[in-house]
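Proteins get letters first, then strands, A, B, ... in listed order; numbering begins at 1 in each. Just so you know, these numbers use all the heavy atoms, side chains as well, and skip hydrogens, waters and symmetry mates.
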Number of protein chains: 4
Amino acid sequence: MKALRYHGPFSVSVDDVPDPSIEHPTDAIVRITTTNICGSDLHMYEGRTGVEENTILGHENMGIVEAVGDGVDRVEVGDRVSLPFNIACGSCANCVKGLTGFCLRANPDGAGAAYGYASMGPYAGGQAEYLRVPWADFNALVLPAGTEHENDYTLLSDVFPTGWHGVELAKLQPGETIVISGAGPVGLMAAHSAVLMGASQVLVIDHQPDRLALAERFGSVAVNRATGDVVERVTELTGGGADRGVDAVGYQAHDPDGTERPESVLNELVAMVKPTGGIGVVGVYVPEDPGASGELARQGKLAFDYGTFFFKGQSMGTGQANVKKYNERLRDLITAGRAEPGIIVSHELPLAEAASGYERFDKREDGWTKVLLHPAA
Amino acid sequence: MKALRYHGPFSVSVDDVPDPSIEHPTDAIVRITTTNICGSDLHMYEGRTGVEENTILGHENMGIVEAVGDGVDRVEVGDRVSLPFNIACGSCANCVKGLTGFCLRANPDGAGAAYGYASMGPYAGGQAEYLRVPWADFNALVLPAGTEHENDYTLLSDVFPTGWHGVELAKLQPGETIVISGAGPVGLMAAHSAVLMGASQVLVIDHQPDRLALAERFGSVAVNRATGDVVERVTELTGGGADRGVDAVGYQAHDPDGTERPESVLNELVAMVKPTGGIGVVGVYVPEDPGASGELARQGKLAFDYGTFFFKGQSMGTGQANVKKYNERLRDLITAGRAEPGIIVSHELPLAEAASGYERFDKREDGWTKVLLHPAA
Amino acid sequence: MKALRYHGPFSVSVDDVPDPSIEHPTDAIVRITTTNICGSDLHMYEGRTGVEENTILGHENMGIVEAVGDGVDRVEVGDRVSLPFNIACGSCANCVKGLTGFCLRANPDGAGAAYGYASMGPYAGGQAEYLRVPWADFNALVLPAGTEHENDYTLLSDVFPTGWHGVELAKLQPGETIVISGAGPVGLMAAHSAVLMGASQVLVIDHQPDRLALAERFGSVAVNRATGDVVERVTELTGGGADRGVDAVGYQAHDPDGTERPESVLNELVAMVKPTGGIGVVGVYVPEDPGASGELARQGKLAFDYGTFFFKGQSMGTGQANVKKYNERLRDLITAGRAEPGIIVSHELPLAEAASGYERFDKREDGWTKVLLHPAA
Amino acid sequence: MKALRYHGPFSVSVDDVPDPSIEHPTDAIVRITTTNICGSDLHMYEGRTGVEENTILGHENMGIVEAVGDGVDRVEVGDRVSLPFNIACGSCANCVKGLTGFCLRANPDGAGAAYGYASMGPYAGGQAEYLRVPWADFNALVLPAGTEHENDYTLLSDVFPTGWHGVELAKLQPGETIVISGAGPVGLMAAHSAVLMGASQVLVIDHQPDRLALAERFGSVAVNRATGDVVERVTELTGGGADRGVDAVGYQAHDPDGTERPESVLNELVAMVKPTGGIGVVGVYVPEDPGASGELARQGKLAFDYGTFFFKGQSMGTGQANVKKYNERLRDLITAGRAEPGIIVSHELPLAEAASGYERFDKREDGWTKVLLHPAA
């Protein structure tokens, strides 16, 4: 089959590789109809991770079940399914609590596994024609048959649940205000989620006008970092501070001049969120970052404004989304026409053009917000 | 009346001062029967805060209602009451949510007020014969009449609820394991709380054998910092990491040689707590610390191991306890004989000896764990 | 002043009565701008309660603060306020937990007090020019100054929070389905609430087309009881049963021919809601109903389909809304333009026409959904 | 192998039957070391259910894994395991939410399956030498190796989690009071659970002195139904009503003279629990009861004191325990020595004596509280 593989920094190509097969009775093989390039794929693309050469990338996958192992009895051949980016066994101590992003068995190297991802276990990704899905009964979310809402449902594998998770970690209650830092796909999904959950006011901070315009389409108020102090404006717009905050940026936060300041988004949130407020962090931070410019950052540490955080009695939740905790209900919101995450999709490419898609998305060319690949196109 | 006043670093004395009086219809005057010296009183005593000279100290107060204003209709003269250290109005947006530690009206300088405390509003403390209690109907917890359980009930004003709050912020579920850093009064109360809430295993870290012995009396396992690496031992004892952690130390964490390393306890907890685990922080951190040795610490910042915290998907809750959220139920546990927080009381002094009590407690003389003052004694 | 008083079954009139005055330092006097007739006022109007003659009715009140007692320090003269129908002391064991509908001190006869209501304490109602408000700092919700959104904010005193409470009692999660029985003001507010909280599908059952049309305006699906079996249709529309259900009818449920069958709505909900689903009950049931036709009903008992309820593992929450738990956040949703409860208002009358309003509303004349009285008009 | 089979009312015997085998790749075979007779087994024994003749009974099972299918990769041969009485697939919409008692796939006849139980699917029970366990990776809880705590761990399959579930459904908070109706195994486990969770006072109602004595061993207060009005005494002991209540009796509640009054325990709880209190129901009620004496009861309906329930604003949770939600944490409490549920075990028999065990347990001979069977003994 054809698959997009990583060959080194800034080098990916669509290659011929062997088809995947059922390796265990609980496996399924899925024919991919849509697979997305994620912002975190770019970390690997840029060579900032230890991902192995020849790895097939792609953890945002959906498609049609092509084959199932003897131990699979819920999912059936022909089912249209969305696959959470986290691969989870369904029976370890974390999975049974719903903490599928921290499965204790799927990844021999630690808690949490994913398709085609550095340090997340020995699994091929889905930017390919076919994908092997372990523990398929547990992992596959069955979608309504057909092709409707494809560009919405494809966001169920990662960014929609991840944005939603950020808002849950911030403990938003209906009627409250929330500020979201970052209007990339995850931040936009957090904004969409917060409106769906009944926030009275959703503020989204970014410096890119095209992304801020999308935030407004979801019913948020855009706060352009390029036009003034964001802490001041958010404090003013919310009458003294937002009830909740979401970090959808992560450790690559930087000054306008490009200097990385990995602590800057978190410290801003501490300043903008009210005493007793909650902060949800879904932008990625890493335990060590050898390529970082500062010594603290190289150790994965931040100069965090802890005294203020404590003095304000704030709380913080972090980490990868447990996609399964949300994807069924988000699917139903899409099916009912209440959620339309697909608004953020900017480009759809055949798999053959994936390498060029990586290159242009990585340069953050204007308007390149979210890129889908269709292997069969 | 007699009252203990602050006159400058390491200088306090019991002075004659005017009696307090009803200043507002919702006030009450309480005759103090027991008032405790808190570890945080020592921050003021040592001159590390901006507390004004001549301030009467004391935020851990209980006694008998001596007089009430015309607007007081729940609390009655003669009632035996415990007074939460947080002074709360009972009707602002935070108080009605139970966030009485962050009352928006009691302190003109910010969220949250207290008796006799730096930056916490213009209120006299209770290390005195009498105390004015604002919004008395809301603030006073009525206790069973008499004198029984005095040394247990007196801990309801601060350290018992504060320790309990730490465990709640860590989100302990019955049957889980928890590690508590620090066996001072707050850490010991956290240990007592965790056992009462059904933890399967409670580990308490400290380097002082007398305090560790108290931790064991509450059913905890003592982990002596003086005898080896604590992260290693906690990881081993819990079979891979504790489910939950509590920081009962705060920013004055230091190396064995006395070097302050304000981030050390937090970073240890991040290392000792499992992926997806919760951390509750009730040890105090401050937004700025002009007297600190390092530049980061002076700004109230910490070199926090954020990358690991995020990667493990941990959560953290912080801040002063909202005493009223817990004190009624903790009172009932004491009354029923199920809780015995008074075990930690090491010294009881008449008010006249308060100055000497401060001096010896501040030196952390051996066995000085918790000091009570009895103005009438 | 002028006030609407009850004189006996089907007899109310607007009379001259003494103005209310500050009786306690924590009181305020509010000049009423809008006060609504509630469906439960009709129970009194019809003589089915023990309400005393000459009682001023009206528990859904808003207006401008005219005077405050010496003990009031949050609310100020001139503030525009909404008054929760529950009168709460703010400091008893229930109030401090947010259970203001079950205040232990305001009503000498039991838990929970209200303005102008049978068995709910000795308080005059607000269908009058002025109203005395006890514990004003705790009870009054301050609204944005001016007259904007008057018809929305006036619903904050009862039916909007009551409808919201029903959905909370049913434990709706975003993305789930919910069925609401009854499209009176409370049922309609429950429907509005469920959409705001992110339900994927909201079904509303009634037999009156005008009310069902309002349900559709809030984004619900109307299920007309007049055109077929509702259990069957709801089961079909939800693919096997709704996740959640709300009873917004209460004990006066009846067959199409008028025979009261007080258990019918509850038993339908048990049948229509999925196993493990939650049911919220905000329609009123009474401990005894001397005028009822059946022996069970006279004792306040129902032939409840308990075996099925248990077998399906359902849960049920009941009781009066604790208005203060929700009204601040609902106010903010109105202010932000996200909630528009005022859509249900069908009639606005000057106080002078209140008696005629009662008569026509009681007959449920076509289109009489919600009636507001404006004393100053 | 040997197995206890049902042959008709009051007729069971230990018979030779074929050994079970791996039928599906996700199955395991467990060699039973301990299997308990449950009170609900007696419903079948007495002929009050539609259980099929020749069914092997027994849903409270533990043992050693003897064989696993190809699709099993967590549980290993030789593991000592406890098997929740609910058989759950682990991947349906309910299982992924933790609602394993209402699995949508394991039982073709409805939500929820069990071993050897009427209407709960086509599964053999475990009162036998061997048991087939479907979806073994999901269903089997691994225990510490060896034989220690056997009589405690064996209660993890049903009654300990079921008692715990009752207390959770009642929403007990630490420090609150709770009344438990019924001191059979489930009621006793509820009492043990409530103490472990930090209740300030646990009251247990029954009329059998031996069972009440066990309640006291768990730290509860015994309320003997034989010696006076229980509502009155509980109200007095709790100072006005318990915060929480648990029904551990179910539909076979009866008057002292033996007349079944299935609504009596529930209505008592409504009377004894405070306004806004919660009630958890784990005693079994059935959708229809053809053998009942009254017409309502035959239809599975109760004359429920609904008006009072609503007026007091109480809530109620019901249904089978989702054992997996609790059993891991309860196992850890046993292992740590904090929980000792095995105190209730009164008899241990070899499997060969099971028929006599049924007969004597069914007659409720004095002291027969909980009977264990050991197939290998």
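Of the two parts of B/Asp73, the backbone and the side chain both hold a non-hydrogen atom closer than 4.5 Å to a non-hydrogen atom of chain C. Contact of B/Ala140 with chain C is not made at all, since no heavy-atom distance falls under 4.5 Å. The part of C/Arg105 that comes within reach of chain B is its side chain, from C-beta onward, which places non-hydrogen atoms under 4.5 angstrom from that chain.
Summarising the geometry of B/His24 relative to C/Asp70, their closest heavy-atom pair is NE2-O, 3.8 Å, with the distance given to 0.1 Å. In terms of heavy-atom proximity, B/Glu328 sits nearest to C/Ala93 at OE1-CB, 3.6 Å. Contact detail for B/Ser91 and C/Arg74: the closest heavy-atom pair is O-NE, 3.2 Å.
Contact annotation: the side chain of C/Thr26 approaches that of B/Thr26 to within less than 4.5 Å [non-hydrogen atoms, C-beta and beyond]. Put simply, the side chain of C/Lys325 does not reach to within 4.5 Å of the side chain of B/Lys97, judged on heavy atoms.
Note that the CG atom of C/Asp137 and the SG atom of B/Cys95 stand 11.0 Å from one another [nearest 0.5 Å].
The local environment of CD in C/Glu340 is sparse, with at most 12 non-hydrogen atoms from other residues, nucleotides or ligands closer than 6.0 Å.
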